[in-house]
Amino acid sequence: MEISESLYTLLAFLFGAILAAVANYLADRWGWTLRYRSPWRRFARVDLKTSYPKRAFFDYIPIVGQLALARFALKRPTLKGRAVDYSTIPGWESRYFWLRGFATEALFAILLVMRWLYWREALGVPDAVAIWLVESSFFWFLLVASLIDLDDYIIPDVVTIVGTLTALAVAYFGARFVLIVPTVFPYDWHMASTTPFFTEWISTLASRLLGFSSSIVTIAPFFLIWTFWCFALLDRRFYLRLGLRRALALFWRRLFRSRLTIYVGVIWALGLCALYWISRSDLDALNSFVAVNTLALALIGLFFGVVLIWTVRLVGGTALGMEAMGFGDVILAGVIGAYLGWQGVLVVFFIAPFFGLFFGLLRRGFQADREIPYGPFLALGSLVYMVWREKFNELLAPLFGDLVFLATLGGGGLALFVILLTALRIVRELRAR
């Protein structure tokens with residue numbers, strides 16, 4: 001039976017509303033502080049005398065449920081002849097607490113409908129559904145991370161780790177439907193011949209430098225990138241002000257005592273086994289070759305995103321004398337790179353600060369809190385890039401192929417960033433005196 005266009009659109013809207021409702025629930029559940037703004041959250045029983053608002057069936061319907069919650073905040077109903085103050089419920093402090101949940105679910109559903117209409121016009125139904133689902137998963141991970149970051153200035157590892165693994169799995173098993181732009185790599189720095197496959201470029205380079213070519217050599221850079229990403233996930237503390245010897249002792253002691261080290265170690269070992277299995281696949285077959293190449297581009301994007309934001313974190317922290325950016329933002333940039341590739345995460349890296357600057361100025365006018373979550377701005381930058389991806393790629397494609405220009409741009413931008421933060425630190429110290 002053929003499904004009509006209107007039914008496709010309705011299903012896309014419902015799917016988006018349900019995904020956003022799940023994101024609102026997880027934002028309350030996984031945040032640093034437990035909250036009960038989601039209609040799906042059950043209230044914690046404190047004692048037998050505590051009264052809770054009773055939920056109706058429509059409270060559990062996405063979008064509608066958020067509007068239904070407004071009756072508790074706006075009417076302030078009475079219970080057994082006495083007034084009930086629901087503002088004591090965590091997350092219900094404001095009478096308009098439900099507005100964020102309502103806007104999140106409605107706007108996210110509309111966004112997925114718009115993206116479905118875009119892909120439906122560009123591709124046939126089966127391909128459009130597949131790539132739309134990949135893009136929806138990407139937007140959903142960004143939404144969950146942004147909501148939690150707005151509330152508690154943290155991004156849980158469970159969001160970024162699952163997001164990264166999902167992106168890598170899609171890159172290998174669904175290579176036709178990735179959001180990564182193909183990259184052309186030079187065979188040789190002194191020759192004009194090029195190849196669109198990173199694996200072929202590595203294989204050719206290995207044969208010229210080492211005199212042989214094999215699947216293990218082709219896949220070797222991926223082992224290093226995977227190990228680097230797993231190391232970034234660990235609970236590390238390295239304070240040079242304690243002296244090198246004490247800093248190393250504290251580093252290893254904290255690393256071995258952390259429970260996270262066990263989980264990351266398991267992920268690292270399983271990832272290495274998966275990469276070794278991939279290296280033993282038949283790269284002569286076109287499908288396997290394309291899948292490995294797409295996975296390579298996703299891993300390169302993962303590495304590029306983590307290194308970009310990690311560098312900003314280190315340089316910014318040194319210049320300001322305080323933490324300039326949370327490490328959750330570093331890992332989130334890796335998720336963006338795994339989905340969009342190194343070109344995409346580079347564009348997002350330059351777009352996101354504009355949103356941060358606007359929000360920072362706006363917030364400074366209303367609040368004294370100087371801490372600003374950066375995850376939502378990375379998400380907004382990713383959204384802008386995805387909506388106008390063709391325009392960005394058409395405009396920046398010549399620049400992406402010029403490695404000298406990219407290196408100069410990156411070095412110059414980093415130098416200006418250091419100068420700006422150092423000046424800001426000097427002004428802050430002068431005002432403090």
Side-chain angles (χ1 to χ4, degrees), residues 130-131 133-135 137-138 140-141 145 156-180 182-183 185 196-203 205-206 212-236 255 258-307 310 330-342 344-345:
I131 196 169
L133 288 175
V134 172
E135 189 180 68
S137 69
F138 175 53
W140 184 80
F141 284 116
D157 289 335
V158 64
V159 178
T160 51
I161 291 176
V162 174
T164 302
L165 297 179
T166 302
L168 297 179
V170 169
Y172 184 74
F173 295 103
R176 293 176 50 204
F177 310 111
V178 296
L179 308 175
I180 301 174
T183 303
F185 296 92
F197 299 110
F198 177 78
T199 49
E200 186 176 348
W201 181 73
I202 285 291
S203 179
L205 188 63
F212 65 90
S213 176
S214 66
S215 58
I216 297 296
V217 174
T218 302
I219 212 76
F222 311 155
F223 286 95
L224 298 178
I225 293 175
W226 180 257
T227 301
F228 168 78
W229 178 72
C230 290
F231 174 77
L233 296 176
L234 295 174
D235 185 12
R236 309 165 321 281
L255 198 64
S258 175
R259 184 179 298 179
L260 181 63
T261 304
I262 300 176
Y263 300 144
V264 175
V266 172
I267 294 175
W268 175 71
L270 293 177
L272 290 183
C273 292
L275 289 175
Y276 179 77
W277 173 76
I278 291 173
S279 70
R280 306 300 296 176
S281 60
D282 184 12
L283 294 182
D284 293 331
L286 180 61
N287 292 335
S288 298
F289 191 81
V290 172
V292 173
N293 180 73
T294 308
L295 176 62
L297 296 180
L299 286 168
I300 293 172
L302 169 65
F303 175 78
F304 206 81
V306 171
V307 168
W310 201 345
V330 176
I331 306 302
L332 181 63
V335 178
I336 297 173
Y339 268 103
L340 304 183
W342 70 269
V345 74

Could you tell me if the side chain of [Y] sits less than 4.5 Å from the side chain of [X], heavy atoms only?
X: L299; Y: F223; result: no
X: V134; Y: Y339; result: yes
X: L260; Y: D157; result: yes
X: L340; Y: F138; result: yes
X: W229; Y: L168; result: no
X: L275; Y: L295; result: yes

When rounded to the nearest 0.5 angstrom, what is the spacing between [atom1] in [X] and [atom2] in [Y]?
X: I161; Y: I331; atom1: CD1; atom2: CD1; answer: 8.0 Å
X: C230; Y: L270; atom1: SG; atom2: CG; answer: 9.5 Å
X: T164; Y: F141; atom1: OG1; atom2: CZ; answer: 8.5 Å
X: I300; Y: L297; atom1: CD1; atom2: CG; answer: 5.5 Å
X: T160; Y: L165; atom1: OG1; atom2: CG; answer: 9.5 Å

Kindly give the heavy-atom pair with the smallest separation between [X] and [Y], and that separation in Å.
X: G341; Y: I180; answer: N-CG1, 3.7 Å
X: G163; Y: V335; answer: C-CG1, 4.1 Å
X: G305; Y: A333; answer: O-CB, 3.4 Å

Just grab all the side-chain hydrogen bond (donor to acceptor under 3.5 Å, both in side chains) pairs involving residues 295-305, residues at least two apart or on different chains. none
Applying side-chain hydrogen bond (donor to acceptor under 3.5 Å, both in side chains), name anything that partners T166, two or more places apart in sequence or on another chain.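 Residues passing side-chain hydrogen bond (donor to acceptor under 3.5 Å, both in side chains) with T166: none at all.
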Please check if the side chain of W226 supplies one atom and the backbone of W268 the other of a donor-acceptor pair under 3.5 Å. yes
Any residue meeting side chain to side chain contact (heavy atoms under 4.5 Å, CB included) with V307, in chain and number order, not counting sequence neighbours: F228, F303, T311
